[in-house]
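On a predicted model such as this, the values are computed, not experimentally measured, just so you know.
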Amino acid sequence: MNMKKSKLKCCLLALSVTAAIVPAAVYADNQTDNLRQQVDDLQNQVDRLENTAAERNTDSSFHMAGYGSVEYADPDSGNAAFNKVLVAPIIHYNYQDWLMFETEFELSNTADGGTELALEYASINLFLNDYVALGAGKFLSPIGQFRQNLHPSWINKAVSAPAGFGHGGAAPLSETGLQLRGGFPLGEMRANYAIYVGNGPTLAAAVEGQGGDYELAIEEVETEGRTSDPDGKKSFGGRLGLLPFPGLEIGISAIISNIISSELPKTASRSATSSV
């Protein structure tokens, strides 16, 4: 009798285990089918994207960015005011991996409520190799590092630029010409460089002449990249930067240029030139 009870218990246990395994197996099969379906759906999406990319010209890419700012100033020698509202759209166009066109416009309001449009830079860049890019057009000056990397209002939170780097300062704002720039490893460090030739700055000056003698009342140095070269002599400049470790850059830059007033008569240009 006891033996029969034991056999009965064994049969009941076997049925119970079997009943428990069957739902688990069914659940696993359902999960596998769901995963297969998801993989098939993903594969179909990839196929559609590949077909779409094949139909389009993937050699070209277009990117648009930009920034805007509102400035408020309270100078010691004037009245506090919201003195500038600026919008600066930036456009990039790339062709494959060897050509890039970049430009930035600046739209800002004026003191009398008007609108001013300016071309901040516009250049075509050819990537000759991994370490050298050749640019042509109007580009931000690499002299002093500030203009090319730190001057946008979303980076430079101060109302004004550092001494010498603003409008009318000694350091050029931009240049129109040719530029070679790039970077390369230097042992454990990294290095970057920029070398350029351009039309150079001019003097904003009042010219007074009588009997062949001319006097200049210099107002400021016009360092915005221009498409004219009054004296016909080009400006040469460059910068070398070393990065011993991330977060620190040590650089040196220089520019050599003759500066004359764009209003000075050609007969007196030579006697009124100066160098920086």
Side-chain angles (χ1 to χ4, degrees), residues 58-67 88 90-104 119-158 160-167 169-201 221 223-225 233-259 275-276:
T58 56
D59 290 337
S60 298
S61 62
F62 176 85
H63 173 254
M64 186 170 183
Y67 63 94
I90 301 172
I91 300 172
H92 296 104
Y93 168 77
N94 291 277
Y95 181 75
Q96 294 184 351
D97 61 350
W98 58 272
L99 183 145
M100 180 179 73
F101 171 77
E102 58 179 350
T103 185
E104 177 185 336
L119 179 65
E120 186 77 354
Y121 58 82
S123 63
I124 297 175
N125 302 279
L126 302 177
F127 299 99
L128 305 181
N129 54 47
D130 292 339
Y131 309 106
V132 183
L134 173 64
K138 182 181 181 182
F139 48 86
L140 296 176
S141 172
I143 302 300
Q145 179 78 331
F146 175 77
R147 293 305 306 179
Q148 68 172 4
N149 287 337
L150 304 175
H151 88 279
S153 56
W154 65 275
I155 300 176
N156 176 34
K157 303 302 183 182
S160 61
F165 289 91
H167 290 269
L173 301 178
S174 57
E175 186 58 271
T176 301
L178 293 175
Q179 178 178 217
L180 282 173
R181 63 184 302 120
F184 54 89
L186 190 63
E188 298 296 325
M189 300 188 300
R190 296 286 302 176
N192 58 68
Y193 66 90
I195 306 171
Y196 72 85
V197 55
N199 292 329
V221 180
T223 57
E224 191 78 43
K233 297 180 179 179
K234 296 297 179 279
S235 172
F236 298 89
R239 183 181 187 278
L240 176 65
L242 300 176
L243 293 86
F245 53 83
L248 175 64
E249 181 171 357
I250 303 172
I252 182 172
S253 56
I255 177 175
I256 300 175
S257 177
N258 286 337
I259 303 177
S275 298
V276 294

TODO: Might you point out which heavy atoms bring Ile255 and Pro172 nearest each other, and give the distance in Å?
DONE: CD1-CG, 3.6 Å

Task: Any side-chain donor near an acceptor of the partner, Glu224 and Ser174, under 3.5 Å - done: yes

- [ ] Provide the closest heavy-atom pair for Ala171 versus Thr223 in the form atom of the first, atom of the second, distance.
- [x] O-OG1, 3.7 Å

- [ ] Could you tell me whether the side chain of Ile195 reaches within less than 4.5 Å of the side chain of Gln179, counting heavy atoms only?
- [x] no

Open item on the list: Are Phe236 and Tyr196 an aromatic pair, judged by ring center distance below 6.0 Å?
Closed with: no

Task: Inter-residue atom distance Arg181.CZ - Phe139.CZ, 0.5 Å rounding - done: 9.0 Å

Open item on the list: Quick check for you: to the nearest 0.5 Å, what is the distance between Gln96 atom CD and Asp59 atom CG?
Closed with: 4.5 Å

Task: Ala122 versus Thr103, closest heavy-atom pair with distance - done: CB-OG1, 3.6 Å

Enumerate donor-acceptor pairs with a distance under 3.5 Å from any side-chain N or O in residues 241-252 to protein atoms, sequence neighbours excluded.
residue: Glu249; atom: OE1; partner: Gln145; partner atom: NE2; Å: 3.3
residue: Glu249; atom: OE2; partner: Asn192; partner atom: ND2; Å: 3.1
residue: Glu249; atom: OE2; partner: Arg239; partner atom: NH1; Å: 3.0

Task: From CG (Leu126) to CH2 (Trp98), nearest 0.5 Å - done: 6.5 Å

TODO: Go through Phe184 and Tyr193 one step at a time and tell me if the side-chain contact (heavy atoms from CB on, under 4.5 Å) criterion holds.
DONE: CA-CA 9 Å; Phe184 54 89; Tyr193 66 90; 3.7 Å; yes

TODO: Kindly say whether Gly144 contributes a backbone atom to a donor-acceptor pair with the side chain of Ser253 at under 3.5 angstrom?
DONE: yes

Open item on the list: Taking Ser123's backbone N and O only, do any of them form a donor-acceptor pair with Lys138's side chain (distance below 3.5 Å, no angle check)?
Closed with: no

Under 3.5 Å, which donor-acceptor pairs link side chains of residues 127-136 to any protein atom two or more places apart or in another chain?
residue: Asn129; atom: OD1; partner: Tyr131; partner atom: N; Å: 2.7
residue: Asn129; atom: OD1; partner: Val132; partner atom: N; Å: 2.9

- [ ] Would you please say whether a donor-acceptor pair under 3.5 Å links the side chains of Ser61 and Tyr93?
- [x] no

- [ ] Look up atom OG in Ser235 and atom CD1 in Ile256, then write down how far apart they are to the nearest 0.5 Å.
- [x] 9.0 Å

Open item on the list: Rounded at 0.5 Å granularity, tell me how far OH in Tyr67 sits from CD1 in Ile90.
Closed with: 6.0 Å

- [ ] Test side-chain contact (heavy atoms from CB on, under 4.5 Å) on His151 and Asn156 and set out the steps.
- [x] CA-CA 6 Å; His151 88 279; Asn156 176 34; 5.9 Å; no

TODO: Apply the test side-chain contact (heavy atoms from CB on, under 4.5 Å) to residues Asn94 and Leu99: give CA-CA distance (whole Å), side-chain angles for both, the deciding distance (0.1 Å), then the verdict.
DONE: CA-CA 6 Å; Asn94 291 277; Leu99 183 145; over 6 Å; no

Open item on the list: Tell me whether the count of non-hydrogen atoms from other residues, nucleotides or ligands lying under 6.0 Å of CD1 in Ile124 goes above 12.
Closed with: no

Open item on the list: Tell me the closest heavy-atom pair linking Ile143 and Ala254, and the distance in Å.
Closed with: CD1-O, 3.2 Å

Open item on the list: With heavy-atom distances below 4.5 Å as the criterion, would you say the side chains of Tyr121 and Arg147 are in contact?
Closed with: no

Open item on the list: If we ignore hydrogens and angles and just use 3.5 Å, is the side chain of Glu175 paired with the main-chain N or O of Asn199 as donor and acceptor?
Closed with: yes

TODO: To the nearest 0.5 Å, tell me how far His92 NE2 sits from His63 NE2.
DONE: 7.0 Å

